[in-house]
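Notes follow once the structure below has been shown.
Note on naming: letters A, B, ... go to the chains in the order of the sequence lines (proteins, then strands), and numbering restarts at 1 for each one.
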Number of protein chains: 2
Amino acid sequence: MRSEPKQKRGKQRVEIILNSASELFAEVGYDNATIIEIAARAGTSVGSIYQFFSNKEGILRALVEKYVEDVSRVYTDIDAEAFPSMTVEEIMQAVLLPLKEFIRENRDFQAIFSNSTGSNLVEELMAPINGMWAQRTNEIFINAYPQISPKELKKYNLICMTVVKSLLGLAHHSDDISLDEVFEEMQHVLVRYMTPVFEEMGE
Amino acid sequence: MRSEPKQKRGKQRVEIILNSASELFAEVGYDNATIIEIAARAGTSVGSIYQFFSNKEGILRALVEKYVEDVSRVYTDIDAEAFPSMTVEEIMQAVLLPLKEFIRENRDFQAIFSNSTGSNLVEELMAPINGMWAQRTNEIFINAYPQISPKELKKYNLICMTVVKSLLGLAHHSDDISLDEVFEEMQHVLVRYMTPVFEEMGE
DNA sequence: TATGAATATGAATTCATATTCATATTTTAC
DNA sequence: GTAAAATATGAATATGAATTCATATTCATA
């Protein structure tokens, strides 16, 4: 940010700008969003945006900062130790439920990243978050199924994460299916995919 | 296209331009590709590109036209009538195998669309292709499992298509997993996901 | 209520990229 | 061999979006 708002008016303006930007980024993606449109939606002028943010990138960075704390909590709250005794259903449930809560409360966040593939900046800002997530779910898999080789588990983790991300995107884009339905099917896909893997190796 | 090439020289130039553009679009996405870079890669000048193509969009349209015939053949070759007697494995195999062949021979095509999410033009050009695909696989499902309601089948089709598309993208982006491996896992994901659905309803 | 700091404004500027155009070269057809 | 058509070139221009900046207004504080 170029300068922190000092007055109540400024703080409000920054809030409004962030909300408008979040909304617009979610609708059209980061690259397709223009500063003029953000200003228009925020009921302000481009100058006021640059009063507080050094550039368009700064707006996105501020948004990511706002969200990133919540994002990491989604995964760190989970106790990996508990997993060896759980069934595949329970493991997936334990991973997907907090994610669902987060998505429900941060629809824009999900939409921004689902609509901004191809933006180098967005990819860059998401990389650490994705990395954190991948590492966390990988730990969970390793804890739950120590008898399977880490290399195999990494592959399954990759597949599962890809499926999850794409179905989250589907929930956002399609009017034919609700978020709840998507999560229900997501759970089915993952459980049914992983069950034979774990059973076979677990015997 | 602005004008068809008349001479051998022109036809060659158009070919080279299309190949260079296809490559670049695949690498960085349609929006991030510049005409200057396409010209540089094609060893020609921007003027020569505009000799044959009316604009950047025209290059993409020409590429899509080149591919679209092959794409549709992937699906129309499949005989939907044969499906009622097939197992889930066989159905998925029958759908995925031709797709795999197509992808193998048209890596760029897949990459362009996997790297150009967020481009309005690319979405627009892909819409009919995706629609055709969705309709075709939906028909296959309906033929194979007439006892399941079309509405349900549509939902499963949506989920399956989303999974397939995302895993194709994974194959392109990740160095950790090969195209063959991706297709193997894709087959597992789909078969395991759909088997309980079909068994339950089929009894 | 006066003064400086904070905030607001949008026209002007910058900048990157698409597109055009005047001009040059090569090929074709007679 | 030569004129017309086709193709080639890249500097000039057009375009649109990000960013700046001179100027105006509002707020906090004495």
Side-chain angles (χ1 to χ4, degrees), chain A residues 1-22 24-25 27-63 115-116 118-122 124-125, chain B residues 1-22 24-25 27-63 115-116 118-122 124-125:
Chain A
M1 280 183 69
R2 188 190 301 280
S3 95
E4 291 294 324
K6 316 284 180 185
Q7 307 177 351
K8 199 199 310 179
R9 187 171 45 143
K11 291 187 214 301
Q12 285 175 344
R13 181 103 304 160
V14 167
E15 270 315 297
I16 297 173
I17 292 168
L18 285 177
N19 288 338
S20 305
S22 181
L24 185 61
F25 290 164
E27 279 176 35
V28 302
Y30 173 76
D31 283 342
N32 292 327
T34 73
I35 295 286
I36 288 177
E37 176 68 15
I38 294 173
R41 288 193 182 211
T44 185
S45 60
V46 292
S48 277
I49 292 181
Y50 284 92
Q51 179 75 234
F52 299 111
F53 300 94
S54 40
N55 49 33
K56 188 178 163 187
E57 176 172 340
I59 302 174
L60 183 64
R61 284 187 183 274
L63 283 174
N115 273 344
S116 302
S119 158
N120 297 318
L121 178 60
V122 172
E124 184 190 318
L125 294 183
Chain B
M1 280 183 71
R2 188 190 303 277
S3 94
E4 291 294 324
K6 318 282 179 187
Q7 307 177 351
K8 198 200 309 177
R9 184 172 46 144
K11 292 187 213 302
Q12 284 175 344
R13 181 102 307 159
V14 166
E15 270 315 298
I16 297 173
I17 292 169
L18 285 178
N19 289 337
S20 305
S22 180
L24 185 61
F25 290 165
E27 279 176 34
V28 302
Y30 174 76
D31 283 343
N32 292 326
T34 73
I35 295 286
I36 288 178
E37 176 68 15
I38 294 172
R41 289 193 182 211
T44 185
S45 60
V46 292
S48 277
I49 291 181
Y50 284 92
Q51 179 75 233
F52 300 110
F53 300 94
S54 39
N55 49 33
K56 188 178 163 186
E57 175 171 340
I59 302 174
L60 184 64
R61 283 186 184 276
L63 282 174
N115 273 344
S116 302
S119 159
N120 296 318
L121 177 61
V122 171
E124 184 190 319
L125 294 183

Complementary nucleotide of D:dA12, counting Watson-Crick and G-U pairs under 3.5 Å: C:dT19

Identified pairing partner of D:dA30, criterion: Watson-Crick or G-U wobble below 3.5 Å: C:dT1

Atom pair distance, as rounded to whole Å: CE in B:Met1 and P in D:dA6: 14 Å

Any A:Arg13 side-chain nitrogen or oxygen under 4.0 Å from OP1 or OP2 of C:dA8: yes

Check: A:Tyr30 side chain, A:Asn120 main-chain N or O, donor-acceptor pair, under 3.5 Å: no

Atom pair distance, as rounded to whole Å: CD in A:Gln51 and P in C:dA5: 14 Å

Verdict with reasoning, B:Ile35 to B:Ile59, per side chain to side chain contact (heavy atoms under 4.5 Å, CB included): CA-CA 10 Å; B:Ile35 295 286; B:Ile59 302 174; 4.2 Å; yes

Closest non-hydrogen atom pair, B:Ser3 against B:Gln51: OG-O, 3.6 Å

Base-contact (B) and sugar-phosphate-only (S) positions in nucleotides 18-30 of chain C, heavy-atom cut-off under 4.0 Å, - elsewhere: SBB-----BSS--

A:Lys6 NZ to C:dT7 P, straight-line distance once rounded to whole Å: 8 Å

Where B:Tyr50 and B:Lys56 come nearest, the two heavy atoms and their spacing: OH-N, 4.4 Å

Check ion pair A:Glu37-A:Arg41 (N to O, under 4.0 angstrom): yes

Sugar-phosphate, base or nothing in reach of A:Thr44, heavy atoms under 4.0 Å: sugar-phosphate

Rounded interatomic separation in angstrom, taking CD1 from A:Ile16 and C1' from C:dT7: 13 Å

Value in whole Å for how far the P atom of C:dT7 lies from CD1 of A:Ile49: 15 Å

Closest contact, heavy atoms only, A:Arg13 versus A:Ala42: NH2-O, 4.1 Å

